[in-house]
Amino acid sequence: MASAWPYVYSLPHLGNLIGAPLSADVYARFLRRKGEEVVFVSGSDEHGTPIEAEARRRGIRPRQLTDEMHRKISSLFEAFRISYDNYTRTESPVHVRFVQEFYSKVYENGHIFDEEIEQLYCENCGIFLPDRFVVGTCPYCGNPKAYGDQCEVCGRLLTPLDLIGPRCAFCGSTPVVKKTRHWFFDLPKFSDELRGYIERNENFPENARNMSLAMIREGLKPRSVTRDNEWGIPAPFPGAEGKTIYVWMEAVLGYVSAVKEWAERRGKPELFDEFWKDPHTRSVYFIGKDNIPFHTIIYPALLMASGQGYVLPYNVSSTEFLMYEGQKFSKSKGIGIWMDEALELLEADYWRYYLIATRPETKDSSFAWADFEAKINNELNDVLGNFVHRTLTFTASRFGGEVPALNPSDEEARSAISRAEDLAKRAEDSLWRFRMREALVRVMDIAREGNAFLNSRAPWADLKEGRVERAGSTISAALTLVKGLAHYLEPFLPDTSERLWEMLRLDGSPHETTWDSAFEPLPEGHRIGDPKPLFRKVKKEELIERLREIRAARAQPES
RNA sequence: AGCGGGGUGGGGCAGCCUGGUCAGCCCGCCGGGCUCAUAACCCGGAGGUCGGUGGUUCAAAUCCACCCCCCGCUACCA
């Protein structure tokens, strides 16, 4: 399993989080609970022009910059409980060596050719400028901030030489045209093989399949593999001294190298082949929709071209985009919430709940504070938190904290549990189909079921009238549902699951248990721990205000 | 411009591929119940004819055509 590698130029925001790492984490945890052998990898994508330029601007080495960013991002993923088996980086020596060997093979297999091209060069910065990093006035609409590849105002595609008054995006000086030689991956060669692969792969979501087939239909073009950057992995092709591998063409191979690194670190290098070359391995990738063509076309083509028998993606699960109050996340405009800020406002599970419940599975969705408040308060806190709390406190206060007996002929109690089992089954079906949002609703329905069950049975009324056994049977069943929730919530809300585990005084850990043992009842007489509320309500005004303060405090030392 | 996705009661979504048994779910709103629980929980109700027009069909949210609106992508940003 893999989630897209974040480019460590800036910290990921909540849209990035749900797009790849969090979605992948839910699935990875689910697979582990189902007893599958899972290796879940990702890492920091740290080479390339933007970082090289930023480091130059700050007067530090790129490695210094990415060391810091890698450390920050790693700890943020950890705090959000993203359960990577290996979160590494593209500067990892294993990765660097792997990429060079990989491209040497692709070259030997005859899928690389070189060609001289003309490109804009900034003499002040001393770098060739990717089209995106040339800015100027759009010749069509007069937008003074058009990019060298496209004008965002009128939407027209451009080349840097179309721009009026082209400037280097980093220093503003006028670039010159210069010749340079680059090495290209012969992508069109793989068109037929790719088409067959995509058509045969029934797991690809519709958007990924359609987009990819359309691109093949329109004709694939060779992709350049090299760049004139210093900050990157040296290209291993004869005559390519001084060139580095284009970040994208290199970072995707991290999916492979990260598993190699993981296997070597465990002292079992043979695990690498077991995972990557066994045709039964299912590799699953979680990405945002902007990354689809790379993962369904270029990346599989590279794997094919290496001739090493690496398994092709079993599925590429792509999400649409998360917006922020209806707008695009934008660092420069301060629109959105970033991972580090989120954690200062609330614990990870609040965010995990909301993000999974709002996951843009079939179309763009929007983070909205009003919606956030409603979901946290009414669903997470009231439906889930309260069901657990009322059940546990009732057990504690009326049964001395001991699990009462379930009456075997209590049909109502048994059918409540069996309805919950149905819900769990449906949650599982949704998860197998990568519908995490739907799955979470089904798990929450278990709590809803529990609440309805308690109300209809009114064990408090039974106790008043001396029907202790009936009340006990009700609570026993409710406790079984709570235990089920402790299991089923693990992929979604790992910390909450852990706390429930402790409150129920269960053995082991929710992170090692199995999905299918969820409803095995607690033994009669088992003592539970002290019930504590799982969640608290939030007020959006307060959160927004705190966010403002956090930003203000941060802006100070920076400037 | 091309390509892809989407337009379903006040908000957020599912259903559409495999036409009828689909108008469903969560939230909100209104009314009722309960009091174990963090004024939490439960039950019931009002509210949509499924972007528009035309077509296919005994029958369309579901298929076809055209149109309108929103979003994304267009591959040297990663």
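All values below were derived from every heavy atom in this structure, side-chain atoms included, with hydrogens, water molecules and symmetry-related copies excluded.
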Salt-bridge present (Lys375(A), Asp382(A); N to O < 4.0 Å): no
Check: Asn381(A) side chain, U38(B) base, donor-acceptor under 3.5 Å: yes
Sugar-phosphate only, base, or nothing, as touched by Leu213(A) at under 4.0 Å among non-hydrogen atoms: nothing
Identified side-chain contact (heavy atoms from CB on, under 4.5 Å) counterpart of Leu120(A) within the set Leu161(A), Ile127(A), Asp131(A): Leu161(A)
Any side-chain donor near an acceptor of the partner, Glu428(A) and Trp432(A), under 3.5 Å: yes
Distance below 4.0 Å between Lys537(A) side-chain N/O and A40(B) OP1 or OP2: yes
Side-chain N or O of Lys464(A) closer than 4.0 Å to phosphate OP1/OP2 of C36(B): yes
Side chain Asn378(A) and base C27(B) donor-acceptor under 3.5 Å: no
Touch class at under 4.0 angstrom, heavy-atom based, for Pro533(A) against every strand present: base
C3(B) - base-pair partner by Watson-Crick or wobble geometry, distances under 3.5 Å: G72(B)
Sugar-phosphate only, base, or nothing, as touched by Val247(A) at under 4.0 Å among non-hydrogen atoms: sugar-phosphate
Touch class at under 4.0 angstrom, heavy-atom based, for Tyr246(A) against every strand present: base
Closest to side chain of Arg448(A), choosing from C41(B), C36(B), C26(B): C26(B)
Watson-Crick/G-U partner (both atom distances under 3.5 Å) of U53(B): A65(B)
Sugar-phosphate only, base, or nothing, as touched by Tyr9(A) at under 4.0 Å among non-hydrogen atoms: nothing
Step-by-step ring pair (Phe, Tyr, Trp, His ring centres under 6.0 Å) determination, Tyr354(A) to Trp351(A): CA-CA 5 Å; Tyr354(A) 181 74; Trp351(A) 299 106; 7.8 Å; no
Touch class at under 4.0 angstrom, heavy-atom based, for Glu438(A) against every strand present: nothing
Sugar-phosphate only, base, or nothing, as touched by Met215(A) at under 4.0 Å among non-hydrogen atoms: base
Under 3.5 Å donor-acceptor, Tyr246(A) side chain and Gly48(A) backbone: no
Plane angle bin for Phe184(A) and Phe113(A) - parallel if under 30°, tilted between 30 and 60°, otherwise perpendicular: parallel
C1' atoms of C16(B) and U49(B), separation to the nearest Å: 15 Å
Touch class at under 4.0 angstrom, heavy-atom based, for Leu392(A) against every strand present: nothing
Sugar-phosphate only, base, or nothing, as touched by Arg435(A) at under 4.0 Å among non-hydrogen atoms: sugar-phosphate
Sugar-phosphate only, base, or nothing, as touched by Ser397(A) at under 4.0 Å among non-hydrogen atoms: nothing
Polar side chain donor-acceptor pair, Lys243(A) to His182(A), under 3.5 angstrom: no
Sugar-phosphate only, base, or nothing, as touched by Asp382(A) at under 4.0 Å among non-hydrogen atoms: sugar-phosphate
Sugar-phosphate only, base, or nothing, as touched by Gly219(A) at under 4.0 Å among non-hydrogen atoms: base
Inter-nucleotide P distance (G51(B), A14(B)), Å rounded: 14 Å
Watson-Crick or G-U counterpart of G44(B), or none if no pair lies under 3.5 Å: C30(B)
Side-chain-base donor-acceptor pair under 3.5 Å for Arg132(A) and C77(B): no
C1' atoms of A61(B) and G7(B), separation to the nearest Å: 12 Å
Sugar-phosphate, base or nothing in reach of Lys532(A), heavy atoms under 4.0 Å: nothing
Sugar-phosphate, base or nothing in reach of Phe387(A), heavy atoms under 4.0 Å: nothing
Nucleotide opposite U21(B) in a Watson-Crick or G-U pair, distances under 3.5 Å: none
Residue whose nearest RNA chain B nucleotide is more 5′ - Gly385(A) or Asn451(A): Gly385(A)
Whichever of Pro130(A) and Thr358(A) has its nearest RNA chain B nucleotide further upstream toward 5': Thr358(A)
Face-to-face contact Trp460(A) to C36(B) six-ring, under 5.5 Å, under 30°: yes
